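Quick notes on the structure that follows.
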Amino acid sequence: MATSRLNSYIKTHRKHSGLSQSEVSFLVRLKNKAELSRYERNVRVPSLRTALACQELYGVAVSDLFAGLSDSVASDTRGRMKRLQARLQAKIDPKSTGNRIMRKFQWISHRLLAMPNFKVVQQL
């Protein structure tokens with residue numbers, strides 16, 4: 001059984017670094033330490049700019065700093081890709097060779113197969 005990861009590990013990395021909330025806030029260009037505190041407590045999700053600044057500061061990928069959030073977004077996106085794949089498959093015209101829908105279907109199918117832990121499910 002897979003273990004769920006925390007939404008954010010920025011507090012863990014900040015504590016490990018020995019930096020205060022005020023110091024990290026300064027380094028990643030936040031208005032004040034209260035803003036960082038909201039990110040550490042998972043009350044708010046940081047902007048992309050802030051997430052990238054944290055990545056640079058700690059030397060840890062954004063997807064690892066915000067692991068639980070990353071897992072949730074990945075799961076949701078994969079589910080939506082599967083739904084779009086099914087919609088496109090229903091629209092494919094087998095008689096057409098230059099079908100835009102077919103290209104989209106093939107691209108999504110390729111992306112899904114390239115993802116880790118992807119399982120092909122056959123409909124009966």
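Quick note: residue numbers are just sequence positions, from 1. Computed from heavy atoms alone, side chains included, the values below leave out hydrogens, waters and symmetry copies. Predicted, not measured: the structure shown is a model, and the values here were computed from it.
The shortest side-chain heavy-atom distance between Val24 and Tyr58 falls under the 4.5 Å cut-off. Using a 4.5 Å heavy-atom cutoff, the side chains of Asp64 and Arg5 are in contact. Considering only heavy atoms from C-beta on, Leu36 comes within 4.5 Å of Ile10 through its side chain. At least one side-chain heavy atom of Tyr39 sits less than 4.5 Å from a side-chain heavy atom of Glu35. You'll find the side chain of Pro46 reaches within 4.5 Å of the side chain of Phe66, heavy atoms only.
Note: Ser8 OG to Leu69 CG = 9.0 Å, rounded to the nearest 0.5 Å. Atom NZ of Lys33 and atom OG of Ser25 lie 8.5 Å apart (nearest 0.5 Å). Rounding to the nearest 0.5 Å places CD of Gln55 at 8.0 Å from OG of Ser63. Met81 CE to Arg111 CZ: the interatomic distance, rounded to the nearest 0.5 Å, is 5.5 Å. Summarising the geometry, atom NZ belonging to Lys11 is positioned 10.0 Å from atom CG belonging to Asn42; distances are rounded to the nearest 0.5 Å. To the nearest 0.5 Å, atoms CZ (Arg14) and CG (Leu57) are separated by 11.0 Å.
When atom types are taken as modelled, the side chain of Ser109 and the backbone of Phe105 share a donor-acceptor pair closer than 3.5 angstrom. Judged by distance alone, with hydrogens and angles left aside, the side-chain atoms of Glu23 form no donor-acceptor pair with the main-chain N or O of Leu19 at under 3.5 Å.
Linking Ile, Leu, Val, Met, Phe, Trp and Tyr whenever their side-chain heavy atoms come within less than 4.5 Å leaves Leu6 and Val43 in two separate clusters. In this structure, Val73 is not a member of the same hydrophobic cluster as Ile108, with clusters built from ILVMFWY side-chain heavy atoms closer than 4.5 Å. Under the 4.5 Å side-chain heavy-atom criterion for Ile, Leu, Val, Met, Phe, Trp and Tyr, Met102 and Leu112 are members of the same hydrophobic cluster.
Sparse packing is recorded around CZ of Arg44, with 12 or fewer heavy atoms of other residues, nucleotides or ligands lying under 6.0 Å away. Atom CD of Gln106 is surrounded by more than 12 heavy atoms from other residues, nucleotides or ligands within 6.0 Å.
For the side-chain contact (heavy atoms from CB on, under 4.5 Å) test with Arg80, the passing option among Leu84, Thr77, Asp76 is Asp76; the others fail.
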- Task: Test Arg103 against Arg100 for side-chain contact (heavy atoms from CB on, under 4.5 Å), laying out the working first.
- Result: CA-CA 5 Å; Arg103 286 196 308 269; Arg100 283 184 336 177; 3.2 Å; yes
